[in-house]
Amino acid sequence: MVPGISGSDVGKKVSLSEMSRTITFPHSYGLGSGGCILERSVHRQGFLERLEAGEVIIGDGGMVFALEKRGYTKAGCWTPEVSVEHPEALRQIHREFLRAGATVMQAFTFYASEDKLENRGNKPAISCWQVNEAACDIAHEVAAEGDALVAGGVSQTPTYLSNKSEADVKAIFQKQLDVFVKMNVDFVIAEYFEHVQEAEWAIQVLKTSNKPVAATLCIGPEGDLHGVSAAECAIRLVRAGAQVVGVNCHFDPETSLTAIRLMKEGLESAGLKAHLMCQPLGYHTPDCNKQGFIDLPEFPFALEPRLASRWDIQHYAREAYKLGVRYIGGCCGFEAYHIRAIAEELAVERGFLPDGSAKHGSWGAGLAMHTKPWVRARAQKEYWEKLQPASGRPYSTSCSKPTAWGVTQGHKDLTQQKECTTDEQLKQLFQRQQMVS
Ligand SMILES: [Zn+2]
């Protein structure tokens with residue numbers, strides 16, 4: 001926690017006598033002409049240098065989910081043409097994450113591979129190159145407004161799911177990497193892989209750029225969907241050349257950290273070193289099976305009752321830090337205020353609060369100004385830390401039964417098609433769903 005820090009401290013140095021540290025806001029939001037002198041935290045180091053120096057890198061949140069809710073990406077295909085169609089919407093999301101304290105502006109290139117852009121009848125008139133180039137351009141623009149690094153990322157491909165060759169899959173990754181090199185991103189990420197084999201192929205392609213490579217799998221403690229353990233996955237990612245490894249998406253913060261603990265132990269037993277990275281869901285998913293939240297019946301349109309509070313995320317940030325994770329961010333469900341919660345929890349370690357905290361007040365401190373005295377009584381850490389929030393849904397159970405069709409890469413059912421799913425195909429799927437559930 002950060003005792004005594006609140007929005008009213010904007011622009012002031014705030015001494016934490018018991019910790020002998022000083023916290024400042026990096027920018028000058030809300031200062032009048034008589035504003036206090038600020039110490040802007042300036043970093044000019046690169047990605048790996050920051051990690052080597054022990055700096056906490058804060059990632060951003062879940063772009064695709066956030067933009068879907070705002071009407072700019074489409075659930076189902078989840079592809080990111082928004083970078084070309086509505087750059088202003090993407091720019092605004094980046095700015096919110098930057099203001100919340102994110103160190104990385106990850107270009108919105110998730111599922112921006114050529115095969116995914118064409119998949120399931122989703123054939124934008126916009127090319128793979130255009131989508132990736134525009135995303136990098138916007139990320140650079142916003143990163144320059146603060147102190148952020150720019151990353152480009154590749155993710156799992158329909159080509160791999162359809163059992164195509166290693167050369168075919170690698171050619172897909174190469175097309176995105178060509179853009180990242182031209183746009184000179186600071187580092188590259190291989191993220192959201194369900195199978196470590198595909199992630200290895202991605203890393204091998206990304207390494208040819210000579211840029212630092214981070215790699216995350218969307219796995220939990222049970223390992224990847226081909227049955228490779230979490231520990232073995234970490235070992236294989238590092239041996240493929242990733243300098244930063246971990247997990248993203250598919251599982252809640254607690255489950256994700258359990259997976260990372262296993263990965264860390266695997267690396268230690270193999271005598272390998274890597275920085276650790278965690279970008280979990282912003283949802284509570286203790287009932288997930290091996291496939292993660294996409295098997296939950298609420299995925300993707302009714303997950304809201306599972307949403308993590310800002311206080312849950314502060315707890316996650318602290319636990320991640322204690323585990324040795326130094327790249328801490330979020331994925332689907334993570335909004336800017338969740339990223340701010342990470343920045344506030346780790347403000348002492350980082351030496352500053354983000355601009356977004358100017359209108360917050362750590363641990364509810366801002367409520368000291370509330371009209372009602374019983375709400376003012378909530379302006380304390382102890383209150384929010386102990387609260388068990390109600391869902392407000394009297395007929396809702398706390399957990400669900402995952403769907404669990406149990407098929408993955410190598411199974412014919414996962415062969416991807418470029419045409420839209422037909423009505424007849426959908427009818428068969430509806431019938432099968434009834435039989436399984
Ligand atoms: Zn996600």
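Ligands are counted one by one from 1 in listed order, and the atoms in each one are counted from 1 as well.
- Side chains of F65 and Y283 form a contact here, defined as non-hydrogen atoms less than 4.5 Å apart.
- Around the Zn ion (ligand 1), protein N, O or S atoms at less than 2.8 Å number 3.
- One side chain, H275 or E52, offers a donor N or O that lies under 3.5 Å from an acceptor on the other.
- Geometric assessment of R318 against the ring of Y321 yields a positive cation-pi assignment under the 6.0 Å and 45° thresholds.
- The closest side-chain heavy-atom distance from D252 to P286 is below 4.5 Å.
- The ring pair (Phe, Tyr, Trp, His ring centres under 6.0 Å) pairs that include a residue from residues 132-165 are Y160-H195, Y160-W201, where partners are two or more places apart or lie in different chains.
- For the residue pair E96/Q92, the side-chain donor-acceptor check at 3.5 Å is satisfied.
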